[in-house]
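Just so you know, ligand 1 is whichever comes first in the structure, and atom 1 is the first atom listed for that ligand. Hydrogens, waters and symmetry mates are skipped; everything else that's a heavy atom, side chains included, is used.
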Amino acid sequence: MVISGKGGTGKTSIVASFAALAERAVLADCDVDAADLHLVLEPTVVERETFSGGSRARIMPGHCTACGKCEELCRFDAIRFDGPGNGRVAKTFRVDPIACEGCGVCAWFCAENAIEFGPVVNGEWFISRTRHGPMVHARLGVAEENSGKLVSLVRTRAKGIAEDGGLELVLIDGAPGIGCPVVASITGADLVLVVTEPTLSGMHDLARVAELTEHFGIPTLVCVNKWDLNPDLAAQIEAAAAQRALTLAGKVRYDRAVTAAQIRKLSVVEHTDDGPAADIRQLWANVREALAGPARRAGAN
Ligand code: SF4
Ligand code: SF4
């Protein structure tokens with residue numbers, strides 16, 4: 001499981017290399033709001049399904065008498081008096097789909113049965129083949145929420161594929177940040193690798209993420225990516241990690257080879273053996289060693 005305090009730390013680039021180095025692994029892209037592992041791994045979709053994270057109300061203008069009951073009852077201020085008219089009233093009420101929280105109260109109390117209420121499609125999820133093994137990934141619709149639910153679905157499905165196929169590892173590209181999606185990503189993980197960068201925000205984010213993994217009691221390793229862009233801050237991050245009893249699993253240098261690999265749609269370790277690729281190989285060896293530790297059970301995430 002690889003996570004970071006925020007996007008843009010190079011987390012996905014490291015996961016793509018891990019995918020190339022791991023044997024017998026299932027990949028899970030749990031960064032469903034900004035999934036980009038597929039850009040490097042070029043998956044062939046073999047199964048796709050829609051995802052519904054909840055329900056929404058919709059007023060049918062032809063049936064609405066504009067009594068205003070729904071607007072009065074909606075605690076989320078999601079009902080507007082700007083719907084189209086019908087033969088009886090000049091204006092009807094309308095549900096703002098972004099503001100609607102899907103509680104269903106309006107539909108329950110509408111005397112005219114003018115409100116449709118049911119599940120909405122928020123996104124899609126996929127099972128794909130990649131050159132490094134099966135991958136589960138997803139796409140959430142624009143401005144859709146409930147990504148925590150979708151992340152759980154991706155993670156659970158990946159675990160199921162690993163169990164069915166006798167694969168020993170689920171490699172998760174986790175959601176960034178510390179919100180609900182990242183909690184959904186790390187649930188049940190045997191090990192978390194936090195990728196950070198040598199900036200003040202990187203240091204701050206590491207502290208927040210470490211609190212989270214500590215709270216869930218998940219062994220946590222740290223990687224400082226692009227460490228040589230600011231060796232002083234990288235050293236401070238190392239010291240902060242040590243203070244929290246987090247193990248530094250490795251440091252990856254900044255190198256243009258990372259961008260060159262992305263352009264070729266390859267992971268760094270497929271693109272070259274030198275520089276950052278050597279750092280990532282060492283990092284992976286340390287992660288494997290930590291996973292193989294006596295406290296880890298077989299079939300680790
Ligand atoms: S409660 Fe029903 S009839 Fe009344 S305004 Fe709302 S949708 Fe229209
Ligand atoms: S379902 Fe709930 S949140 Fe949505 S419009 Fe109706 S009352 Fe408001």
Side-chain angles (χ1 to χ4, degrees), residues 3 5-7 28-36 47-127 136-158 160 172 174-188 208-209 211-212 215-216:
I3 59 172
K6 65 174 180 58
D29 191 349
C30 284
D31 190 353
V32 298
D33 289 308
D36 50 9
E47 200 180 316
R48 67 195 302 158
E49 279 192 39
T50 54
F51 162 76
S52 173
S55 297
R56 291 277 188 289
R58 191 187 77 84
I59 294 174
M60 295 177 283
H63 296 68
C64 176
T65 57
C67 71
K69 187 78 183 165
C70 53
E71 185 194 33
E72 188 189 308
L73 291 174
C74 178
R75 289 196 298 127
F76 301 98
D77 201 19
I79 296 182
R80 320 260 179 266
F81 191 32
D82 61 2
N86 55 34
R88 289 174 289 176
V89 290
K91 265 200 303 184
T92 54
F93 284 81
R94 179 187 67 86
V95 175
D96 175 348
I98 306 282
C100 174
E101 290 285 332
C103 70
V105 163
C106 57
W108 182 261
F109 286 100
C110 173
E112 305 295 326
N113 281 330
I115 304 182
E116 279 182 329
F117 183 71
V120 278
V121 171
N122 301 106
E124 275 186 298
W125 62 278
F126 316 90
I127 298 175
V136 186
H137 49 126
R139 188 169 49 207
L140 199 64
V142 177
E144 294 292 358
E145 288 174 10
N146 281 313
S147 53
K149 259 190 183 175
L150 185 54
V151 164
S152 294
L153 198 152
V154 166
R155 189 175 45 73
T156 311
R157 203 66 193 84
I172 299 174
I178 55 158
C180 168
V182 76
V183 171
S185 310
I186 66 173
T187 305
R208 294 193 312 158
V209 173
E211 270 168 32
L212 194 72
H215 174 78
F216 286 98

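The ligand atoms of ligand 2 that sit less than 4.0 angstrom from a heavy atom of Ile79 are 5 (S). Near Lys69, meaning under 4.0 Å from any of its heavy atoms, are these atoms of ligand 1: 1 (S). Each of the atoms 3 (S) of ligand 2 lies under 4.0 Å from some heavy atom of Phe76. Listed by number with element, the atoms of ligand 1 under 4.0 angstrom from any heavy atom of Glu112 are 3 (S). Close approach of ligand 2 to Cys106 is summarised as follows: ligand atoms under 4.0 Å from at least one heavy atom of the residue are 1 (S), 5 (S), 6 (Fe), 7 (S). Close approach of ligand 2 to Ala57 is summarised as follows: ligand atoms under 4.0 Å from at least one heavy atom of the residue are 1 (S), 6 (Fe). Counting the atoms of ligand 2 from 1 in the order shown, those under 4.0 Å from a heavy atom of Gly104 are 1 (S), 2 (Fe). Residue Glu101 has at least one heavy-atom neighbour below 4.0 Å for each of these atoms of ligand 2: 3 (S), 4 (Fe).
Considering Cys74, Cys110, Cys70 in turn, Cys70 is the only one that fulfils the side chain to side chain contact (heavy atoms under 4.5 Å, CB included) rule with Phe93.
A heavy-atom distance below 4.5 Å is found between the side chains of Thr65 and Arg88.
Scanning all heavy atoms of the two residues, the minimum distance from Cys100 to Val95 falls at CB-CG1, 3.7 Å.
Among the atoms of Cys100, no N, O or S atom falls under 2.8 Å of atom 6 (Fe) of ligand 2. Between atom 4 (Fe) of ligand 2 and Cys103 there is no N/O/S contact shorter than 2.8 Å.
For atom 4 (Fe) of ligand 1, the closest non-hydrogen atom of the protein is Cys67 SG, 2.3 Å. At the shortest separation from atom 5 (S) of ligand 1 among protein heavy atoms lies Gly68 N, 3.3 Å. Here the protein heavy atom with the shortest distance to atom 2 (Fe) of ligand 1 is Cys110 SG, 2.4 Å. Of the protein's non-hydrogen atoms, the one nearest atom 6 (Fe) of ligand 1 is Cys70 SG, 2.3 Å.
Only side-chain heavy atoms of Ile115 come within less than 4.0 Å of ligand 1; its backbone N, CA, C and O stay farther off.
Listed by chain and residue number, nothing satisfies the salt bridge (Lys or Arg N to Asp or Glu O under 4.0 Å) test with Lys91 (two or more places apart in sequence, or in another chain).
When Ala114, Pro61, Cys64 are checked for heavy-atom proximity to atom 8 (Fe) of ligand 1, Cys64 turns out nearest.
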